[in-house]
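Notes follow once the structure below has been shown.
Being a predicted model, the structure only gives us computed values, none of them experimental. Residue numbers run from 1 in the order of the sequence given.
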Amino acid sequence: MNKIISFVLLGTLLLMCFSGCRIINNTNGDKNKETTDDTTIKDNNASIVKGELDKSNKLVCTLIEYLQSLFCDYELPDTSTAIKIDEIKSGKQALHVAFNKSECYFVCAYYNDGHNDEAKDYCCVTDYTWVKFNDANEISEKYNDLNFIVGFQINKASLVRDIKTKGAKVPSIEHFQEYVPNFNDGINTNDAIVFDTNFIYLNSTVDETVYHSLSAYYNGLIIIPCVSFNEKCYVVKELYTIYPDDTRYDKNLVQDFGEYYDALVAVMDTESYSKIDDKERTIFYGLIEINDFANCINK
């Protein structure tokens with residue numbers, strides 16, 4: 001059943017998503033450990049470790065909250081490039097995050113005795129068994145007689161840097177997205193998803209590892225889109241669209257950029273980058289080099 005989450009509660013929901021899980025089942029008080037099925041103990045933020053994950057693991061908690069959020073409606077506050085720049089000036093960390101042939105692994109949920117549509121509504125998500133796999137071809141249709149319910153591919157960022165403060169301490173960033181396997185004789189035959197994007201992430205936590213998904217409901221509040229073009233990275237803004245009948249629709253950059261309009265437009269390339277979408281619309285974009293964007297923030 002859908003729920004309407006008010007603006008007042010949004011901050012609390014975002015804090016839970018950034019900080020970890022609200023469901024803690026760890027009885028020994030150590031919230032920063034995960035146990036694999038071969039009894040090996042690893043730090044919660046350790047890289048690729050194959051095995052069963054404890055439900056108090058931060059990544060597991062994040063995935064649980066993500067699946068629960070799919071069936072909710074949210075009233076989100078207004079946002080814009082100007083608002084995001086103000087947030088950076090007020091203390092949020094502006095992290096340029098890039099995924100270029102990045103290392104990835106997989107975390108999958110297994111469960112039995114659920115409803116017939118368990119793999120669609122994730123009703124019993126808090127009871128799932130979560131298993132980490134190093135490679136896509138290791139994912140199995142069953143785990144200890146439990147059925148596969150849902151899988152995620154997690155990519156580790158190949159670059160994380162603070163664009164505003166040179167040399168600042170930065171967290172590790174890992175991006176998760178749903179991964180759909182194809183099982184042949186119980187073993188997955190699908191390849192990993194190619195994920196080579198980059199963006200600016202507005203970080204407000206002190207966590208050593210941050211998990212985020214571009215499909216999260218709050219993504220638009222904390223991401224500034226970027227694009228790689230001619231071997232450089234740029235902040236990218238949609239300028240206008242030309243429809244097949246030559247009708248033109250312009251974006252309101254004055255409203256989006258606010259008081260930073262003159263500074264941003266002065267360093268924007270408005271001629272070089274466009275795309276044609278599947279509806280044959282030509283979309284023209286403005287490009288701002290990452291360092292030029294950082295200079296606008298630091299002024």
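Put simply, OG on Ser228 and CG on Asp196 are 7.5 Å apart, with the number rounded to the nearest 0.5 Å. Note that the SG atom of Cys104 and the CD atom of Glu174 stand 10.5 Å from one another [nearest 0.5 Å]. Rounding to the nearest 0.5 Å gives a distance of 4.5 Å between CD1 of Ile276 and OG1 of Thr282. Distance SG/Cys108 to CG/Leu53: 10.0 Å, rounded to 0.5 Å. Once rounded to the nearest 0.5 Å, the distance linking CD1 of Ile163 with CG of Leu95 reads 8.5 Å. Taken to the nearest 0.5 Å, the NE2 atom of His96 stands 6.5 Å off from the CZ atom of Arg161.
In this structure, the side chains of Thr81 and Ile85 come closer than 4.5 Å at one or more pairs of heavy atoms. Using a 4.5 Å heavy-atom cutoff, the side chains of Ile223 and Ile200 are not in contact. Put simply, the side chain of Asn100 does not reach to within 4.5 Å of the side chain of Leu159, judged on heavy atoms. The side-chain heavy atoms of Tyr111 and Cys124, taken from C-beta on, include a pair separated by under 4.5 Å. When side chains are defined from C-beta on, Val210 counts as touching Asn203, because their heavy atoms get closer than 4.5 Å. Side-chain contact between Thr129 and Glu52 is present, with heavy atoms from C-beta onward closer than 4.5 Å. The side-chain heavy atoms of Ile154 and Tyr105, taken from C-beta on, include a pair separated by under 4.5 Å. In this structure, Tyr74 and Leu76 have side chains that are in contact, with non-hydrogen atoms separated by less than 4.5 Å.
Ring-plane geometry between Phe99 and Phe199 is classed as tilted, the angle between the planes lying from 30 to 60 degrees on a 0 to 90 degree scale.
Applying the ring pair (Phe, Tyr, Trp, His ring centres under 6.0 Å) test between His175 and each of Phe195, Tyr201, Tyr66 identifies Phe195 as the sole match. A ring pair (Phe, Tyr, Trp, His ring centres under 6.0 Å) with Phe106 is found for exactly one of Tyr179, Trp130, Phe176, Phe133, namely Tyr179. Results of the side chain to side chain donor-acceptor pair (under 3.5 Å) test with Asn182 over Thr189, Asp191, Asn188 single out Thr189 as the only residue that passes.
Partners of Tyr285 by ring-ring contact (aromatic ring centres under 6.0 Å, His included), not counting sequence neighbours, listed by chain and number: Tyr273.
For Tyr218 and His212, the ring centers sit closer than 6.0 Å to each other. Between Tyr243 and Tyr249, the distance separating the two ring centers is not shorter than 6.0 angstrom.
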*Go through Tyr211 and Lys58 one step at a time and tell me if the side chain to side chain contact (heavy atoms under 4.5 Å, CB included) criterion holds.*
CA-CA 9 Å; Tyr211 300 104; Lys58 180 185 173 184; 3.9 Å; yes
*Run the side chain to side chain contact (heavy atoms under 4.5 Å, CB included) check on Asp121 and Phe71 step by step: do they pass?*
CA-CA 8 Å; Asp121 59 23; Phe71 304 98; 4.3 Å; yes
*Go through the steps for Lys156 and Ser172 under the test side chain to side chain contact (heavy atoms under 4.5 Å, CB included), then give the verdict.*
CA-CA 8 Å; Lys156 298 179 63 178; Ser172 298; over 6 Å; no
*For Lys142 and Leu146, run side chain to side chain contact (heavy atoms under 4.5 Å, CB included): C-alpha distance rounded to whole Å, both residues' side-chain angles, the deciding distance at 0.1 Å, then the answer.*
CA-CA 5 Å; Lys142 284 185 175 291; Leu146 301 175; over 6 Å; no
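Of the N and O atoms on the side chains of Gln255 and Tyr261, not one donor lies less than 3.5 Å from an acceptor on the other residue.
Within 6.0 Å of CG on Asp145 lie no more than 12 heavy atoms contributed by other residues, nucleotides or ligands. Residue-environment remark: NZ (Lys89) exceeds the threshold of 12 foreign heavy atoms within 6.0 Å. At most 12 non-hydrogen atoms from other residues, nucleotides or ligands lie less than 6.0 angstrom from NZ of Lys232. Other residues, nucleotides and ligands place no more than 12 heavy atoms under 6.0 Å from the CG atom of Asp185.
Although no hydrogens or angles enter the test, the distance criterion places no donor-acceptor pair under 3.5 Å between the side chain of Ser204 and the main chain of Lys92. Under the 3.5 Å distance criterion, the side-chain polar atoms of Thr165 are left unmatched by any main-chain donor or acceptor of Ala168. Side-chain atoms of Asp277 come within 3.5 Å of backbone N or O of Glu280 as a donor-acceptor pair. Looking at Asp269, its side chain does come within 3.5 Å of a backbone N or O of Glu271 through a donor-acceptor pair.
In terms of hydrophobic clustering, with Ile, Leu, Val, Met, Phe, Trp and Tyr side chains grouped at heavy-atom distances under 4.5 Å, Phe229 and Ile290 are assigned to different clusters. Note on Val235 and Leu253: same hydrophobic cluster, where clusters join Ile, Leu, Val, Met, Phe, Trp and Tyr whose side-chain heavy atoms are under 4.5 Å apart, directly or indirectly. Hydrophobic clustering of Ile, Leu, Val, Met, Phe, Trp and Tyr side chains at less than 4.5 Å, counting indirect connections, keeps Val267 apart from Val227. Note: the hydrophobic cluster containing Tyr217 also contains Leu202 (ILVMFWY, side chain heavy atoms under 4.5 Å, direct or indirect links). Linking ILVMFWY side-chain heavy atoms closer than 4.5 Å, directly or via other members, places Phe257 and Leu239 in a single hydrophobic cluster.
Of all non-hydrogen atoms in Pro171 and Gln93, the two that sit nearest each other are CD-OE1, 4.0 Å. In terms of heavy-atom proximity, Glu238 sits nearest to Thr241 at OE2-OG1, 3.2 Å. Closest approach of Arg248 and Ile242 over heavy atoms only: CB-CD1, 3.6 Å. Across every non-hydrogen atom of Tyr234 and Glu289, the tightest pair is CE2-CG, 3.3 Å. Taking both residues in full, the closest heavy atoms of Tyr122 and Leu67 are given as CE1-CD2, 3.7 Å, listed atom of the first, atom of the second, then distance. Residues Pro244 and Arg281 approach most closely at CD-CG, 4.1 Å, considering heavy atoms.
Ion pairing of Lys84 with Asp86 is absent here, as no side-chain N (NZ or NE/NH1/NH2) approaches a carboxylate O to less than 4.0 Å. For the pair Lys237 and Asp256, the salt-bridge criterion is met [side-chain N within less than 4.0 Å of a carboxylate O]. Salt-bridge formation is not detected for the pair Lys169/Asp162: no Lys NZ or Arg NE/NH1/NH2 atom is positioned less than 4.0 Å from an Asp or Glu carboxylate oxygen.
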Return a table of donor-acceptor pairs under 3.5 angstrom between the side chains of residues 292-299 and protein atoms on other chains or two or more places apart.
unit_1: Asn295; atom_1: ND2; unit_2: Asn291; atom_2: O; d: 3.3
unit_1: Asn298; atom_1: ND2; unit_2: Ala294; atom_2: O; d: 3.3

